[in-house]
Amino acid sequence: VTGSYVGFATVGAFVHYYWRIGVMPDTLRRWLRCSEFDPALTPGFSTPCVAFEAIKGHPSAKGAASTVALTTLVSMEMLRALCSVSERESLLRKPPWANRFLILGIAFPILLHLAVIYYPPLASIFGLVPLTQADWRAIAIFALPLVLLEEILKLVARIFSHD
């Protein structure tokens with residue numbers, strides 16, 4: 001269940017980025033035929049295909065959308081790790097800081113991810129771009145529901161537990 005949500009949210013974050021800049025999902029779905037598009041379908045771009053190009057070392061819509069999607073995925077995986085401090089107990093009863101090694105274990109990947117985004121030589125290698133406040137809000141909107149889903153699954157496990 002959570003794996004399906006992670007996939008949905010990652011793709012959703014990518015699509016949502018384009019929607020925020022005025023490129024509708026139907027246009028995004030047909031991106032391979034961008035040379036046939038009316039320029040009005042990709043506002044703010046010199047030609048429709050530029051909206052979907054990844055230009056290494058240069059900020060691009062695809063680079064930004066990919067960064068948002070990747071950061072959403074990384075955020076959800078780190079949230080899943082925090083939720084895994086107990087298989088059945090709620091985070092309210094057994095908080096993540098109950099396991100300081102878990103906190104250290106997620107701090108390192110988060111710092112690495114931030115370095116890949118914000119340290120220009122690494123960002124250029126990976127084709128990623130710095131995130132805006134609007135990007136971070138979108139990431140939170142897509143990633144945080146995972147905690148609620150994990151808590152619901154723990155509740156169901158407690159209800160149906162035969163211990």
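Since this is a predicted model, take the numbers as computed values, not measurements.
- One finds the CD1 atom of Ile139 at 10.5 Å from the OG1 atom of Thr10 (value rounded to the nearest 0.5 Å).
- In this view, Tyr119 satisfies the side chain to side chain donor-acceptor pair (under 3.5 Å) rule with no residue, not counting sequence neighbours.
- Contact annotation: the side chain of Val6 approaches that of Glu77 to within less than 4.5 Å [non-hydrogen atoms, C-beta and beyond].
- Val116 and Leu114 fall within a single hydrophobic cluster, where Ile, Leu, Val, Met, Phe, Trp and Tyr side chains are chained together by heavy-atom contacts under 4.5 Å.
- Side-chain contact between Leu131 and Tyr118 is present, with heavy atoms from C-beta onward closer than 4.5 Å.
- Linking ILVMFWY residues whenever their side-chain heavy atoms come closer than 4.5 Å, directly or via other members, leaves Trp19 and Val50 in distinct clusters.
- Ile141 and Trp136 end up in different hydrophobic clusters when Ile, Leu, Val, Met, Phe, Trp and Tyr side chains are linked at under 4.5 Å.
- Minimum heavy-atom separation, Pro48 to Pro39: CG-CA, 3.8 Å.
- In Phe8, the CZ atom is not crowded: 12 or fewer heavy atoms of neighbouring residues, nucleotides or ligands sit closer than 6.0 Å.
- With sequence neighbours excluded, the residues satisfying side chain to side chain donor-acceptor pair (under 3.5 Å) with Ser90 are Glu151.
- Note on Val11 and Leu128: same hydrophobic cluster, where clusters join Ile, Leu, Val, Met, Phe, Trp and Tyr whose side-chain heavy atoms are under 4.5 Å apart, directly or indirectly.
- Under the rule for a ring-ring contact (aromatic ring centres under 6.0 Å, His included), Phe45 has no partner lying at least two apart in sequence or in another chain.
- For Cys34, the disulfide bond (SG atoms under 2.5 Å apart) partners at least two apart in sequence or on another chain are Cys49.
- Aromatic ring orientation, Trp31 versus Phe52: tilted (interplanar angle from 30° to 60°).
- With sequence neighbours left out, Phe142 forms a ring-ring contact (aromatic ring centres under 6.0 Å, His included) with His16.
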Quiz: residues 64-73 side-chain donor-acceptor pairs under 3.5 angstrom, not counting sequence neighbours:
residue	atom	partner	partner atom	Å
Ser66	OG	Lys62	O	2.8
Thr67	OG1	Gly63	O	2.7
Thr67	OG1	Val129	N	3.0
Thr71	OG1	Thr67	O	2.8
Thr71	OG1	His113	NE2	2.8
Thr72	OG1	Val68	O	2.7

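- Separating the CZ atom in Phe101 from the CD1 atom in Ile106 is a distance of 14.5 Å, to the nearest 0.5 Å.
- Judged as a side chain to side chain donor-acceptor pair (under 3.5 Å), not a single pair has a partner in residues 37-51 (not counting sequence neighbours).
- Counting heavy atoms from C-beta on, the side chains of Val147 and Cys83 come closer than 4.5 Å.
- Contacts of Arg158 classified as side chain to side chain donor-acceptor pair (under 3.5 Å), with partners at least two apart in sequence or in another chain: none.
- Taking both residues in full, the closest heavy atoms of Val23 and Leu28 are given as CG1-N, 4.4 Å, listed atom of the first, atom of the second, then distance.
- Atom CD1 in Ile110 sits 9.0 Å away from atom CD1 in Ile103 (nearest 0.5 Å).
- The stretch residues 135-147 participates, sequence neighbours left out, in these salt bridge (Lys or Arg N to Asp or Glu O under 4.0 Å) pairs: Arg20-Asp135.
- Smallest separation of non-hydrogen atoms from Leu146 and Met76: CD2-O, 3.2 Å.
- Residues passing the side chain to side chain donor-acceptor pair (under 3.5 Å) test with Arg33: none are found, sequence neighbours excluded.
- Taking Arg100 as the reference, nothing meets the salt bridge (charged side-chain N to carboxylate O under 4.0 Å, His left out) condition, with sequence neighbours excluded.
- Applying the salt bridge (Lys or Arg N to Asp or Glu O under 4.0 Å) rule to pairs touching residues 118-130 yields nothing, sequence neighbours excluded.
- Here the closest heavy-atom approach between residue Pro43 and residue Gly22 is recorded as CD-O, 3.5 Å.
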For a side chain to side chain contact (heavy atoms under 4.5 Å, CB included) check, start with the C-alpha distance between Tyr18 and Thr27, then their side-chain angles and the critical distance, and finish with the verdict. CA-CA 10 Å; Tyr18 273 103; Thr27 303; over 6 Å; no
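- Hydrophobic clustering, with ILVMFWY side chains joined whenever heavy atoms are under 4.5 angstrom apart, keeps Phe108 apart from Met78.
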